[in-house]
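Taking it in order: structure first as structure tokens, then the write-up.
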Protein chains: 2
Amino acid sequence: MGDVFKALADPTRRAILDELTDRDGQTLFEICARLAAKHGLGSSRQAISQHLDVLAAAGLLQARREGRYKFHHIDTTPLEPIVERWLRKGSK
Amino acid sequence: MGDVFKALADPTRRAILDELTDRDGQTLFEICARLAAKHGLGSSRQAISQHLDVLAAAGLLQARREGRYKFHHIDTTPLEPIVERWLRKGSK
DNA sequence: TTGACAGGCAAGCGTCCGCTTGCATAACGT
DNA sequence: ACGTTATGCAAGCGGACGCTTGCCTGTCAA
């Protein structure tokens with residue numbers, strides 16, 4: 001559960017989620033190209049790959065293999081309960 | 001803005017927010033005692049103090065001086081826009 | 001005024017994190 | 001078959017992070 005917060009702590013990983021929100025199901029190279037173009041991030045391929053592993057371990061990402069391509073999809077399910085945890089004050 | 005995510009990345013800081021949600025306006029020593037009792041965390045006073053600094057820098061905390069006491073209050077304002085960022089897909 | 005209480009400042013240390021580097025694997029085109 | 005494309009694995013490095021340690025400031029009670 002705490003993996004979700006650690007995954008969101010890095011700005012590059014948040015940019016990846018932004019990119020996948022704009023266009024879901026991208027491959028690793030597509031993400032690299034669009035991160036460099038849109039967000040001005042000069043991260044290498046291996047760096048992005050490791051970020052994708054972290055996001056997948058947190059349950060925020062789901063990978064789909066197809067031939068030599070691997071498409072990545074967001075899963076926003078773990079995001080919903082993490083904020084309402086502190087927003088409701090009349091719980092006690 | 002990214003400070004909010006980095007602040008939430010640490011489990012001790014999340015426990016502090018839990019404690020302040022349950023009982024707002026506690027002092028440093030109160031937080032230390034209740035963290036040790038409820039959450040089983042054996043963190044020292046200085047460690048908690050530094051965590052409070054991080055939370056305050058992220059805008060999640062607001063301090064109020066009164067004599068030799070310093071009461072800490074949550075501010076959940078920065079929490080609201082951070083999740084809807086990825087939840088809405090029909091924004092493009 | 002003296003002592004205890006609540007908190008602050010800053011240096012040092014060990015660990016984790018993000019990134020690079022180098023090589024390996026697997027699928028496709030020709 | 002061969003080279004290219006898309007991705008995987010693992011060791012190593014530098015910096016940031018969380019925590020400790022030690023000392024200092026300010027406030028209240030007796």
Side-chain angles (χ1 to χ4, degrees), chain A residues 1-20 23-37 39-73, chain B residues 1-20 23-37 39-73:
Chain A
M1 287 202 172
D3 298 327
V4 181
F5 295 98
K6 287 196 297 182
L8 294 176
D10 188 80
T12 303
R13 284 193 287 264
R14 290 191 300 259
I16 291 176
L17 291 183
D18 287 337
E19 203 38 60
L20 288 179
R23 191 177 204 271
D24 198 27
Q26 296 189 48
T27 85
L28 174 57
F29 271 46
E30 284 176 317
I31 295 174
C32 286
R34 298 183 64 147
L35 279 184
H39 302 263
L41 297 177
S43 305
S44 73
R45 178 184 61 86
Q46 294 86 346
I48 304 294
S49 178
Q50 289 170 356
H51 281 306
L52 292 177
D53 291 342
V54 175
L55 289 172
L60 291 167
L61 210 68
Q62 208 173 350
R64 170 174 56 96
R65 264 270 177 196
E66 197 156 328
R68 61 174 162 176
Y69 298 103
K70 189 176 184 182
F71 302 99
H72 302 271
H73 300 265
Chain B
M1 287 201 170
D3 299 327
V4 181
F5 296 98
K6 287 197 296 183
L8 294 176
D10 189 80
T12 303
R13 284 194 287 266
R14 289 192 299 258
I16 291 176
L17 291 183
D18 288 337
E19 204 37 61
L20 288 179
R23 192 176 203 272
D24 199 26
Q26 297 189 49
T27 86
L28 173 58
F29 273 45
E30 285 175 318
I31 296 174
C32 287
R34 298 183 61 147
L35 279 184
H39 302 263
L41 296 177
S43 305
S44 72
R45 179 185 60 89
Q46 295 84 348
I48 303 295
S49 178
Q50 290 170 355
H51 281 306
L52 292 176
D53 291 343
V54 176
L55 289 171
L60 291 167
L61 212 67
Q62 206 172 350
R64 170 174 55 97
R65 264 268 176 200
E66 197 157 329
R68 62 174 160 176
Y69 298 103
K70 190 176 186 183
F71 303 99
H72 302 273
H73 300 266

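Labels below follow one simple rule: chain letters A, B, ... track the order of the sequence lines, proteins then strands, and each chain is numbered from 1. Side chains included, hydrogens not; waters and symmetry mates left out as well; all remaining heavy atoms used.
B:I16 contributes atom CD1, which lies 5.0 Å from atom CG of B:L52 (distance to the nearest 0.5 angstrom). One distance of note links CD1 of A:I31 with OG1 of A:T12; it measures 12.5 Å at 0.5 Å rounding. Rounding to the nearest 0.5 angstrom, the gap separating the CD1 atom in A:I48 from the CG atom in A:L35 is 5.0 Å.
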Checklist entry - How does each nucleotide of nucleotides 4-12 of chain C score, in 5' to 3' order, for protein heavy atoms under 4.0 Å: base (B), sugar-phosphate only (S), or none (-)? => result -BSBBBB--

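Heavy-atom contacts from other residues, nucleotides or ligands closer than 6.0 Å to CD of A:Q62 number 12 or fewer.
Within the structure, salt bridge (charged side-chain N to carboxylate O under 4.0 Å, His left out) contacts touching residues 47-64 of chain B (residues at least two apart or in different chains) are B:R64-B:E66. Among residue pairs with one or both ends in residues 1-12 of chain B, none qualify as salt bridge (charged side-chain N to carboxylate O under 4.0 Å, His left out); sequence neighbours excluded.
Under the side chain to side chain contact (heavy atoms under 4.5 Å, CB included) criterion, A:R23 pairs with A:Q26, A:E30, A:R34, not counting sequence neighbours. Contacts of B:R45 classified as salt bridge (Lys or Arg N to Asp or Glu O under 4.0 Å), with partners at least two apart in sequence or in another chain: none. Residues meeting the side-chain hydrogen bond (donor to acceptor under 3.5 Å, both in side chains) test with B:H51, sequence neighbours left out: B:R13. Every residue two or more places apart in sequence or in another chain that forms a side chain to side chain contact (heavy atoms under 4.5 Å, CB included) with A:A63 is listed here: A:K70, A:H72.
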Below 3.5 Å between N/O atoms, which protein atoms pair up with nucleotides 13-15 of chain D? Just atom names and distances, please.
none

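Looking at residues 55-63 of chain A, you'll see that no heavy atom sits under 4.0 Å from any atom of DNA chain D. Contacts between residues 3-19 of chain A and DNA chain D, counted as heavy-atom distances below 4.0 Å, involve no residue at all.
Shown here for A:L8 and B:F5, the closest heavy-atom pair between the two residues is O-CB, 3.4 Å. Summarising the geometry of B:C32 relative to B:S44, their closest heavy-atom pair is SG-O, 4.3 Å, with the distance given to 0.1 Å. Of all heavy-atom pairs between B:L28 and B:S49, the closest is CD1-N, 3.9 Å.
Considering only side-chain N and O atoms, B:S44 lies under 4.0 angstrom from the phosphate OP1 or OP2 of D:dT20.
Atom CD1 in A:I48 sits roughly 16 Å away from atom C1' in D:dG8 (whole-Å rounding). Nucleotide D:dT27 holds its P atom 13 Å from the CD atom of B:E66, rounded to whole Å.
Residue-to-nucleotide proximity on DNA chain C shows that, of A:G67 and A:H51, the 5′-proximal contact is made by A:H51.
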